[in-house]
Amino acid sequence: MRDTRVVVLISGNGSNLQALIDAVADGMLPVSIRAVISNRADAYGLGRAADAGIPTHVLDHREFENSCEFCLALKECVNRYTPGLVVLAGFMRILDSKFVTHFAKRLINVHPSLLPKYPGLHTHRRVLEHGDPIHGASVHFVTEDLDAGPVIIQGRVDVGPSDTPDSLQQKVHKLEHAILPTAVRWIAQERLSVVGVRVLLDGQVSPEQGLVAESISTQYSAPVVE
Ligand code: GRF
């Protein structure tokens, strides 16, 4: 089986990108990350990609007439690498329907909440405001509706009385670094299928639409990425 060609889109720190890079280096992920594209020239993750010898591009959305033009240029840039999978790993621009349709079923996103709860921004703060006892992260296929595509995998954490948005962000990041490589591996191994809004793993619905945190370590235990 040939390695799946992956393009990763980022906007900032890129710790999820680093988790993917490390998983590939550890032989845990049968993919090859062909390019990293950022909409911000100052994204720290660009350096992570360069350190790993991965080609990088910056497409600054502010230099385009409108979002359509930006998405078109982005599509062309991504397509140069003929990817089997495009990963949004902290990419902070909304992609238009043409982009999403073009990459349908090979476009995934990591989101810091237990979707369908808390799509959009400021998820940690919103969890605390609502007094939720459980929080987490999700990896999902991207559809035209924001953060609403079929969920591939989720990880959960308990919310404690002393938690703050920052402490939750740290806990959730750790989960993301485990569930994102797992989701990418399942896709590379062609183990997923989408039936309606559900994702099947090896033809089965996974419990509660994803894995709970306790079971993540049996799948792939990602090293801690700062
Ligand atoms: C992650 O929390 C991800 O869920 C969200 O943006 C953050 C990116 O973090 N979409 P990093 O850049 O991968 O460190």
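Atoms within each ligand, like the ligands themselves, are counted from 1 in listed order. For this chain, numbers begin at 1 and follow the sequence in order.
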### Query
Quick check: are there more than 12 heavy atoms from other residues, nucleotides or ligands sitting under 6.0 Å from CD of E65?
no

### Query
When you look for heavy atoms under 4.0 Å from ligand 1, do you find them on the side chain of H173, its backbone, both, or neither?
side chain

### Query
Any idea which protein heavy atom is nearest atom 12 (O) of ligand 1, and the distance to it?
G14 N, 2.8 Å

### Message
As a check for students: among A89, S15, G12, S38, identify the option with a heavy atom nearest to atom 14 (O) of ligand 1.
### Response
S15

### Task
Please test R48 against N13 for side-chain hydrogen bond (donor to acceptor under 3.5 Å, both in side chains), starting from the C-alpha separation and ending with a verdict.
CA-CA 9 Å; R48 298 180 188 269; N13 177 30; 2.8 Å; yes

### Query
Based purely on interatomic distance, does N109 place a nitrogen or oxygen under 3.5 Å from a nitrogen or oxygen of ligand 1?
no

### Message
Over 60° means perpendicular and under 30° means parallel, so tell me whether F91 and F70 are parallel, tilted or perpendicular.
### Response
parallel

### Message
Can you name the atoms of ligand 1, numbered from 1 with element, that are less than 4.0 Å from a heavy atom of E176?
### Response
1 (C), 2 (O), 3 (C), 4 (O)

### Query
Between I33 and L20, is any pair of side-chain heavy atoms under 4.5 Å apart?
yes

### Query
Which ligand 1 atoms, with their elements, are less than 4.0 angstrom from a heavy-atom of H111?
4 (O)

#### Entry: For N13, the ligand 1 atoms whose distance to one of its heavy atoms is below 4.0 Å
12 (O), 14 (O)

### Task
Verify whether one side chain among H124 and H135 offers a donor that lies under 3.5 Å from an acceptor in the other.
yes

### Task
Tell me which protein heavy atom sits closest to atom 8 (C) of ligand 1, plus the residue, atom name and distance to 0.1 Å.
G90 CA, 3.5 Å

### ligand 1 to M92 polar contact by distance, N or O atoms, under 3.5 Å
no

#### Entry: Main-chain N/O of M28 paired with D26 side-chain donor or acceptor, under 3.5 Å
no

### Query
atom 10 (N) of ligand 1: which protein heavy atom is closest, and how many Å away?
V110 O, 3.2 Å

### Message
So, taking the atom named CD1 in I152 and the one named CG in L192, what distance separates them when rounded to the nearest 0.5 Å?
### Response
6.0 Å

